[in-house]
Amino acid sequence: MAGKLAIERGWAINVGGGFHHCSSDKGGGFCAYADITLAIKFLFERVEGVSKATIIDLDAHQGNGHARDFMDDKRVYIMDMFNRHIYPGDTFAKRAIKRRIELDWGTEDKEYLEKVETHVKGALNEITPDVIIYNAGTDILDGDPLGGLSISPQGIIKRDEIVFSIARSRSIPILMVTSGGYQKRTARIIADSILNLHNLGLISNSLKNEPRI
């Protein structure tokens, strides 16, 4: 549903999605079903005009599930930026990542946000997809027990703003899923980020082709 909405109006957010460690034949890492794979396959098979997809995975962990599913599928471009030292360390799945950015323990806002902007632009310069699946994990937050990075709440909000700004400026539909995040304050940060996107006019209730007022 979120994928279909993204195509119809230019964006969609599913706050319950982002199970990027699950592949079509195997679960893992708190992920019970491969929703990213399912969304992309649904769009390819059921929605006219969708034949190329880009996954931008900015969860703290490597997204090995969808990588395994699309290993030899040239229609899917994967960009993945993750802490190199943590789960899953899936060497085989890394072969499917077209743009891989491996981070060290404690990476902070300045370096992180610069890499987000540089590599999102770079990925979309390499191929212009019909849809972006944005895996927006908040386990990059400073103090997260599993992520091992040191990004501030403001850094997460800015990250989402950068990704949406680039996608919307290029008129590429974007589906955001919220993925991992293991602190109580994560929910508030996600809400604040979505409000920021709305306040900046990057998301609205209008259809993609309707004029903005």
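Remember, it's a predicted structure, so these values are computed and weren't measured experimentally.
The salt bridge (Lys or Arg N to Asp or Glu O under 4.0 Å) analysis of residues 128-156, with sequence neighbours excluded, yields no pairs. Sequence neighbours left out, the pairs with a member in residues 78-90 that pass side-chain hydrogen bond (donor to acceptor under 3.5 Å, both in side chains) are Asn64-Asp90, Arg68-Asp90, Arg84-Glu102, Arg84-Asp104, His85-Asp104.
Between Gln183 and Gly143, the shortest heavy-atom contact is NE2-C, 3.4 Å. Among all heavy-atom pairs drawn from Asp160 and Ala136, the shortest one is OD1-CB, 4.0 Å.
Using a 4.5 Å cut-off between side-chain heavy atoms of Ile, Leu, Val, Met, Phe, Trp and Tyr, Leu146 falls into a hydrophobic cluster with Phe30, Tyr182.
Taking CD1 of Ile151 as the start and CD1 of Ile157 as the end, the distance is 13.0 Å to the nearest 0.5 Å. For the atom pair OG (Ser179) and CG (Asp57), the distance works out to 6.5 Å, reported to the nearest 0.5 Å. Distance CZ/Phe82 to CG/Asp59: 11.0 Å, rounded to 0.5 Å. Distance CG/Asn135 to CD1/Ile78: 11.0 Å, rounded to 0.5 Å. Taken from CG in Asp69 to SG in Cys22, the straight-line distance is 8.0 Å, to the nearest 0.5 Å. A distance of 10.0 Å separates CZ of Arg168 from CG of Leu197, quoted to the nearest 0.5 Å.
Take Lys121 and apply the side-chain hydrogen bond (donor to acceptor under 3.5 Å, both in side chains) test, not counting sequence neighbours, and it matches Glu117. When the side-chain hydrogen bond (donor to acceptor under 3.5 Å, both in side chains) test is applied to Asp72, no partner is found at least two apart in sequence or on another chain. Under the ring-ring contact (aromatic ring centres under 6.0 Å, His included) criterion, His198 pairs with no residue, sequence neighbours left out.
Between the side chain of Arg9 and the main chain of Trp11, a donor-acceptor pair closer than 3.5 Å is present. Put simply, the side chain of Ser169 gets close to the backbone of Ser165: a donor and an acceptor are under 3.5 Å apart. Between the side chain of Thr54 and the backbone N or O of Thr128 there is no donor-acceptor pair closer than 3.5 Å. Counting only distance, with no hydrogens or angles, the side chain of Ser23 and the backbone of Gly65 share no donor-acceptor pair below 3.5 Å. Looking at Thr178, its side chain does come within 3.5 Å of a backbone N or O of Val15 through a donor-acceptor pair. Between the Arg99 side chain and the Ile56 main chain, no donor and acceptor come within less than 3.5 Å of each other.
No chain of hydrophobic side-chain contacts below 4.5 Å, direct or via other Ile, Leu, Val, Met, Phe, Trp or Tyr residues, connects Leu5 to Ile7. Phe44 and Met71 are members of different hydrophobic clusters when ILVMFWY side chains are connected at heavy-atom separations under 4.5 Å. In terms of hydrophobic clustering, with Ile, Leu, Val, Met, Phe, Trp and Tyr side chains grouped at heavy-atom distances under 4.5 Å, Ile86 and Leu149 are assigned to different clusters. In the hydrophobic clustering of this structure, Tyr134 groups with Ile127; members are Ile, Leu, Val, Met, Phe, Trp, Tyr whose side-chain heavy atoms approach within less than 4.5 Å, directly or through other members. Grouping the Ile, Leu, Val, Met, Phe, Trp and Tyr side chains by contacts below 4.5 angstrom, directly or via other members, places Leu38 apart from Val76.
Between Lys41 and Glu45 there is no salt bridge, since no side-chain N of the basic residue sits under 4.0 Å from a carboxylate O of the acidic one.
For the pair Thr37 and Phe42, the minimum side-chain heavy-atom distance is 4.5 Å or more.
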